[in-house]
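For reference, the structure is listed below as structure tokens.
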Amino acid sequence: MRVDQGTSQENLAIDAALDRTYVSRLERGLENPTLNTVERLANALNVELTTLLTPPPPSTPRPRGLSGGRKARM
């Protein structure tokens with residue numbers, strides 16, 4: 001969802017009041033977030049909490065990454 005919205009990890013982390021490296025570890029499956037953290041991410045992404053708690057169908061392709069480098073915050 002983050003990539004589909006064109007949001008960097010850094011901007012998502014700022015909007016959710018999380019550390020960017022923590023967001024990176026979440027995306028790589030290295031961390032298990034609390035429900036509070038998932039709620040903060042849902043709010044930052046402007047989606048319902050249940051959207052983040054529902055696994056995607058098995059046929060869903062992995063999203064392509066954003067181009068590298070930091071971008072100016074809008």
Kindly determine whether L41 and R2 satisfy side chain to side chain contact (heavy atoms under 4.5 Å, CB included), including the steps that lead there. CA-CA 10 Å; L41 290 166; R2 174 186 69 76; over 6 Å; no
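- Of all non-hydrogen atoms in T37 and Y22, the two that sit nearest each other are CG2-CE2, 3.8 Å.
- Distance check, rounded to the nearest 0.5 Å: OG1 of T7 to CE of M1 gives 12.0 Å.
- Residues A13 and D19 approach most closely at CB-C, 3.9 Å, considering heavy atoms.
- Of the residues L35, L18, D15, L49, the one that meets the side-chain contact (heavy atoms from CB on, under 4.5 Å) test with R40 is L18.
- The environment of CD in Q5 is crowded: more than 12 heavy-atom neighbours from other residues, nucleotides or ligands sit within 6.0 Å.
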Side chain to side chain contact (heavy atoms under 4.5 Å, CB included) evaluation trace for L45 with T51: CA-CA 10 Å; L45 291 166; T51 303; over 6 Å; no
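- T34 and N36 share no side-chain donor-acceptor pair at under 3.5 Å.
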